[in-house]
Amino acid sequence: KSGEMAKLTQLIDNEVFRAYATYATIVLLKMMLMSLITAYFRITRKAFANPEDTASFGKGESAKKYLRTDPDVERVRRGHLNDLENIVPFLGIGLLYALSGPELSTALLHFRIFTGARIAHTFAYLIPLPQPGRGLSWAVAYSVTVSMAYKVLKSALYL
C-alpha cells in the first residue's frame with residue numbers, strides 16, 4: 001500500500017495533472033452553479049416541475065398553476081444540459097491527456113481555452129448574446145476536447 005501512496009503523491013506533484021485538476025474543478029463548479037441558477041429562476045418565475053415544490057405557494061388547485069414550464073427556466077436548463085454534454089467528456093479525455101505526458105504550456109493552453117470557452121458559452125446562453133457567439137464558444141471548447149483526444153490516441157495508440 002505504501003507504494004500506491006507514493007504513486008498518488010507523484011501524480012499530485014505532476015504539474016500537468018495539477019493544471020488539469022485546477023481547470024476541471026473550475027468547470028465543475030461552473031456546472032454546479034447552473035443548478036443554483038436553475039433553482040433561482042424556478043423560484044423567481046414560480047415555475048416548478050414537481051407538485052411538492054409548489055407547496056409553499058398554495059394547496060390543491062391553487063398550486064397547480066405553478067406546475068408549468070417557463071422560457072427562462074428552460075433556457076438555463078438547456079445551458080446546464082449542454083454543460084453535461086461537453087464538460088463530462090472533457091473530464092475523461094482531459095485526464096487521459098494529462099496522463100499522456102504533454103508539455104505543460106500546451107496542456108495549459110488546452111485547459112484554459114476550454115474553460116474560457118465554456119464560461120463564455122454560459123454567458124452567451126444566459127444573457128442571451130446573439131449568435132454566432134454561443135455557437136463559436138461551443139465549437140472552440142469542443143475542438144479543444146477533440147484535440148486532446150487526438151493527442152491521447154496518437155501517443156498511446158492501441159487500436
Side-chain angles (χ1 to χ4, degrees), residues 11-12 14-100 102 104-153:
L11 185 59
I12 292 169
N14 180 303
E15 287 185 292
V16 174
F17 180 79
R18 286 200 332 260
Y20 164 76
T22 300
Y23 289 97
T25 300
I26 291 168
V27 294
L28 284 169
L29 287 171
K30 188 215 81 59
M31 189 168 67
M32 290 170 62
L33 179 63
M34 294 299 284
S35 296
L36 296 176
I37 295 170
T38 302
Y40 169 80
F41 273 87
R42 281 201 181 283
I43 292 166
T44 59
R45 306 305 192 270
K46 295 183 176 136
F48 301 98
N50 303 303
E52 64 272 16
D53 298 337
T54 66
S56 62
F57 296 102
K59 301 279 185 218
E61 292 299 315
S62 66
K64 283 188 177 178
K65 67 182 176 182
Y66 300 114
L67 289 174
R68 62 186 184 85
T69 59
D70 176 87
D72 294 331
V73 172
E74 293 308 309
R75 176 172 276 284
V76 176
R77 284 172 33 91
R78 286 191 305 273
H80 193 187
L81 179 60
N82 194 278
D83 275 351
L84 289 167
E85 294 169 348
N86 291 275
I87 291 174
V88 171
F90 167 80
L91 294 174
I93 291 171
L95 176 60
L96 295 173
Y97 174 74
L99 298 175
S100 72
L104 177 61
S105 60
T106 305
L108 280 169
L109 191 64
H110 278 92
F111 301 152
R112 288 173 177 166
I113 290 172
F114 179 88
T115 301
R118 289 310 303 175
I119 290 169
H121 183 269
T122 297
F123 281 113
Y125 227 124
L126 296 181
I127 290 176
L129 296 177
Q131 284 287 29
R134 191 179 79 236
L136 285 174
S137 59
W138 172 86
V140 167
Y142 194 86
S143 297
V144 167
T145 304
V146 169
S147 172
M148 290 187 302
Y150 174 77
K151 168 71 166 93
V152 169
L153 289 173

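When a residue number appears, it is its place in the shown sequence, counting from 1. Just so it is clear, the values below take in all heavy atoms, side chains as well, and ignore hydrogens, waters and symmetry mates.
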Out of curiosity, D83 CG to K30 NZ, how far, rounded to the nearest 0.5 Å?
3.0 Å
Hey, is the main chain of G135 close enough, under 3.5 Å, to the side chain of Q131 for a donor-acceptor pair?
yes
Can you tell if the side chain of L91 reaches within under 4.5 Å of the side chain of Y20, non-hydrogen atoms only?
yes
Side-chain H-bond candidate by donor/acceptor type, R118 with N82, under 3.5 Å
yes
How about T38 and R42: do any of their side-chain heavy atoms sit closer than 4.5 Å?
yes
S143 side-chain N/O to A139 backbone N/O, donor-acceptor pair under 3.5 Å:
yes
Distance col, row I26:CD1 vs I87:CD1, nearest 0.5 angstrom, shows 11.5 Å
Kindly indicate whether the side chain of L29, heavy atoms from C-beta on, has any atom under 4.5 Å from the side chain of L33.
no
Examine the side chains of S147 and H110 and answer whether a donor and an acceptor come within less than 3.5 Å of each other.
yes
Nearest-0.5 Å distance that lies between atom OG1 in T54 and atom CZ in R68
12.0 Å
Between L108 and A19, the two heavy atoms sitting closest are CD2-CB, 3.6 Å
Enumerate the residue pairs fulfilling ring pair (Phe, Tyr, Trp, His ring centres under 6.0 Å) with a member in residues 122-151, sequence neighbours excluded, ordered by first and then second residue.
H121-Y125, W138-Y142
Looking at OH of Y23 and CZ of F90, how far apart are the two atoms once the value is rounded to the nearest 0.5 Å?
10.0 Å
Are any side-chain N or O atoms of D70 and backbone N or O atoms of D72, one a donor and one an acceptor, separated by less than 3.5 Å?
yes
Please check this pair: side chain of Y66 against backbone of R45, looking for a donor-acceptor N/O pair closer than 3.5 Å.
no
Are there more than 12 heavy atoms of other residues, nucleotides or ligands under 6.0 Å from atom CZ of R134?
yes
Quick one: pull up CG in L126 and NE2 in H80 and give me the separation to the nearest 0.5 Å.
11.5 Å
Roughly how far, to the nearest 0.5 Å, is OG1 of T115 from CZ of F111?
9.0 Å
